[in-house]
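The structure appears below as structure tokens.
Predicted, not measured: the structure shown is a model, and the values here were computed from it.
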Amino acid sequence: MMTDRKPYLLEAIYSWIVDNDCTPHLVIAHPGVGWVSGVPESLLQDEMLVLNISPTATQNLHIDDQGCSFATRFQGTPCDVFVALPAVQALVARENGEGMHFIVDEQVADGPEKPTNQAKSSSDKSKSTSHLKIIK
């Protein structure tokens with residue numbers, strides 16, 4: 001089985017947009033359900049979020065199998081932003097809309113999967129059992 005091609009395509013499209021002196025915009029679906037971190041809450045209220053990820057707007061842009069991360073500023077405040085890959089809907093040039101759109105799974109609207117109670121209870125159990133003995 002091959003790995004997900006989305007991060008490879010994002011890196012390629014990003015380079016193509018920047019090499020053509022355009023501004024890459026990352027389009028994110030359902031940002032308010034837990035797919036995005038480091039962004040002010042006021043920007044997470046809509047069904048879609050568009051972030052400028054140009055080299056002049058961001059630093060340390062990194063795209064991998066988990067998502068996109070970068071440092072930026074919102075109203076002068078430095079922020080470390082992470083966008084999970086399942087919520088990335090498109091990467092397009094602001095100037096002409098050229099770029100690539102991705103199919104976003106309907107389950108993205110529900111947010112990232114939460115850890116199950118079973119996993120939590122097993123970790124709680126290990127915390128409650130001590131290997132120490134009381135010596136009188």
Fill in: Between CG on residue Leu26 and CG on residue Asn52, distance to nearest 0.5 Å
10.0 Å
Worksheet item: If you group Ile, Leu, Val, Met, Phe, Trp and Tyr by side-chain heavy-atom gaps below 4.5 Å, do Leu51 and Leu61 land in one group?
Response: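 Yes, Leu51 and Leu61 fall within the same hydrophobic cluster.
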Worksheet entry | Connected via hydrophobic side-chain network under 4.5 Å: Val27 and Leu10 |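 In one cluster: no.
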Worksheet item: Quick check: does any side chain N or O of Asp64 sit under 3.5 Å from a backbone N or O of Gly67, one acting as donor and the other as acceptor?
Response: yes
Fill in: Asp46 side chain to Met48 backbone, donor-acceptor under 3.5 Å
no
Practice prompt. Return the minimal non-hydrogen interatomic distance between Leu49 and Pro31, and the atom names on each side.
Written response: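 Scanning both residues, the minimum pair turns out to be CB-CG, 3.6 Å.
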Practice prompt. Give the minimum heavy-atom separation between Pro7 and Ile63, together with the two atoms involved.
Written response: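 The pair with the smallest heavy-atom distance is O-CG2, 3.7 Å.
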Worksheet item: Any side-chain heavy atom of Met100 sitting closer than 4.5 Å to one from Phe102?
Response: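 Yes - at least one pair of side-chain heavy atoms lies under 4.5 Å apart.
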Worksheet entry | Asp110 side chain reached by Val33 side chain, heavy atoms, under 4.5 Å | no
For residues 69-91, dump all side-chain donor-acceptor pairs below 3.5 Å to protein atoms at least two apart in sequence or in another chain.
residue : atom : partner : partner atom : Å
Thr72   : OG1  : Ala57   : O            : 2.7
Arg73   : NH1  : Gly76   : O            : 2.6

Item to complete: Assess whether atom CD of Gln59 is packed by more than 12 heavy atoms of other residues, nucleotides or ligands within 6.0 Å.
Response: no
Worksheet entry | Within 6.0 angstrom of Gln45 CD, more than 12 heavy atoms from elsewhere | yes
If you look only at distance, which donor and acceptor atoms sit under 3.5 Å apart when one is on a side chain in residues 12-21 and the other is two or more places apart or in another chain?
residue : atom : partner : partner atom : Å
Tyr14   : OH   : Ile53   : O            : 3.2
Ser15   : OG   : Glu11   : O            : 3.2
Asn20   : ND2  : Trp16   : O            : 2.7

